[in-house]
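Counting from 1, the numbers follow the sequence of the chain as shown.
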Amino acid sequence: TKEFTSARLNSKFAFKYGKVVFRAKLPSGAGTWPALWMLGKNIDENGAYWDNRGFGNTAWPACGEIDIMEHIGNSLNKIYGTLHYTGRSGGNADGATTMINNATTAFHKYTLEWTDVSIKIYVDDVVFYTFANNATKPFNQNFFFIFNVAMGGNLGGAIDPAFTSGVMEVDYVRVYQ
C-alpha cells in the first residue's frame with residue numbers, strides 16, 4: 001500500500017470579523033480532503049496541540065472552527081461550509097453543502113462574511129450557509145487561517161490506489177475589515 005501525508009499551512013495573521021475571499025482550484029482524486037478554514041486563536045492559550053491523531057485537548061471545539069470550504073474527493077464538486085463549537089462538532093457540526101461544477105479543474109471564489117450577528121458562507125457569490133452568531137458562541141474573538149490538503153481519514157475516505165499527488169492552487173486570499 002502507498003503511504004500519503006497531508007500538508008498544512010497555518011497563518012500568523014489573526015483577526016475578528018470581516019469579509020474573506022479565497023480564489024482556489026481544488027485537488028482531484030478520491031481520498032483528497034482540501035480545506036480553507038479558521039480556528040479561534042485562543043486554542044493555543046489552552047495548551048492544545050494538533051498531530052495526526054487530531055487535537056490534543058478540550059480547547060477544540062470550544063475555541064471555534066470556521067470551515068469556509070471543504071471538499072471531499074470521493075464526493076466530487078460537493079462543497080462544505082461548516083462551523084464547529086461546543087455541542088456542535090464532528091458529525092454533529094453546524095453547516096451546509098452546495099454542489100458546483102468543475103471544483104478541481106477551474107478556479108472558484110469561496111467567501112466568508114463574518115460579523116457579531118451572522119456568519120455567511122458563499123461559493124461564487126451565492127450564499128449557501130447562514131449562521132446566527134451571538135455572544136454565547138466562540139465566533140467573537142480573533143481567528144487565524146489554516147489551508148490544508150488532508151488525505152483519507154474519516155471524512156476524506158478511501159484513497160484511490162492510482163492516486164500519486166494532488167495540488168490545491170490558491171490564487172489569492174483577500175481580507176476586508
Stepwise side-chain contact (heavy atoms from CB on, under 4.5 Å) test for Asn148 and Trp33: CA-CA 8 Å; Asn148 73 278; Trp33 177 7; 5.9 Å; no

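- Ring geometry for Phe13 against Phe15 counts as parallel: the plane angle stays under 30°, on a 0 to 90° scale with 60° as the upper cut.
- Hydrophobic clustering keeps Leu155 apart from Met38 (ILVMFWY residues linked when any side-chain heavy atoms are closer than 4.5 Å, directly or through intermediates).
- Note that NE2 of His108 and CG of Asn101 are 7.0 Å apart. Values are rounded to the nearest 0.5 Å.
- Put simply, the side chain of Val126 does not reach to within 4.5 Å of the side chain of Thr98, judged on heavy atoms.
- Across all non-hydrogen atoms, the minimal contact from Lys41 to Phe144 is CA-CD2, 4.0 Å.
- Shown here are the side chain to side chain contact (heavy atoms under 4.5 Å, CB included) partners of Val149, two or more places apart in sequence or in another chain: Pro27, Pro34, Met168.
- Trp37 has its side chain within reach of Glu65: a pair of non-hydrogen atoms, C-beta onward, lies under 4.5 Å apart.
- Hydrophobic clustering, defined by side-chain heavy atoms of Ile, Leu, Val, Met, Phe, Trp and Tyr closer than 4.5 Å, leaves Val117 isolated from every other such residue.
- Ile146 and Val173 are members of different hydrophobic clusters when ILVMFWY side chains are connected at heavy-atom separations under 4.5 Å.
- Surrounding NZ of Lys19 are at most 12 heavy atoms belonging to other residues, nucleotides or ligands under 6.0 Å away.
- Contact of the Phe163 side chain with the Thr32 side chain is registered, since non-hydrogen atoms from C-beta on lie closer than 4.5 Å.
- Rounded to the nearest 0.5 angstrom, Ser165 OG and Met151 CE are separated by 9.5 Å.
- Residues Arg88 and Leu83 are not in side-chain contact: their nearest non-hydrogen atoms beyond the backbone lie 4.5 Å or more apart.
- Lys16 and Trp114 make their closest contact through CA-CH2, 3.6 Å (heavy atoms, listed as atom of the first residue, atom of the second, distance).
- When Ile66, Leu39, Val175 are each tested for a side chain to side chain contact (heavy atoms under 4.5 Å, CB included) with Phe145, only one passes: Val175.
- Asn102 meets the side-chain hydrogen bond (donor to acceptor under 3.5 Å, both in side chains) test with no other residue; sequence neighbours excluded.
- Atom-to-atom distance recorded for Thr111:OG1 and Leu36:CG is 11.0 Å, nearest 0.5 angstrom.
- For the pair Tyr176/Glu113, no side-chain contact is recorded, criterion being any heavy-atom separation below 4.5 Å from C-beta on.
- The side chain to side chain donor-acceptor pair (under 3.5 Å) pairs that include a residue from residues 71-81 number zero, where partners must be two or more places apart or lie in different chains.
- Ile121 and Phe107 end up in different hydrophobic clusters when Ile, Leu, Val, Met, Phe, Trp and Tyr side chains are linked at under 4.5 Å.
- Ile72 and Gly156 make their closest contact through CG2-O, 3.9 Å (heavy atoms, listed as atom of the first residue, atom of the second, distance).
- Of all the heavy atoms in Thr86 and Ala62, the pair that sits closest is OG1-CA, 3.4 Å.
- Residues Tyr122 and Ile68 are members of separate hydrophobic clusters, defined by side-chain heavy-atom contacts under 4.5 angstrom among Ile, Leu, Val, Met, Phe, Trp and Tyr.
- In the displayed structure, Lys120 atom NZ is contacted under 6.0 Å by at most 12 heavy atoms of other residues, nucleotides or ligands.
- Here the CZ atom belonging to Phe143 is positioned 10.0 Å from the OH atom belonging to Tyr17, to the nearest 0.5 angstrom.
- Side-chain atoms of Phe22 and Leu112, non-hydrogen and from C-beta on, never get closer than 4.5 Å to each other.
- The minimum heavy-atom distance between Phe128 and Val123, with the atom names listed, is CE2-CG2, 3.5 Å.
- Checked against side-chain hydrogen bond (donor to acceptor under 3.5 Å, both in side chains), Arg23 has the following partners two or more places apart in sequence or in another chain: Asp171.
- Using a 4.5 Å cut-off on side-chain heavy atoms (C-beta onward), Tyr110 and Leu26 make contact.
- When each of Asn133, Thr115, Asn134, Asp116 is checked for a side chain to side chain donor-acceptor pair (under 3.5 Å) with Asn140, only Asn133 meets the rule.
- Minimum interatomic distance between Leu76 and Met99 (heavy atoms only, all atoms of both residues): O-CE, 3.6 Å.
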Distance-only check: which donor-acceptor pairs under 3.5 Å involve side-chain atoms of residues 89-96, not counting sequence neighbours?
from, atom 1, to, atom 2, distance (Å)
Asn92, ND2, Gly87, O, 2.7
Asp94, OD1, Tyr129, OH, 2.9
Asp94, OD2, Tyr85, OH, 3.0

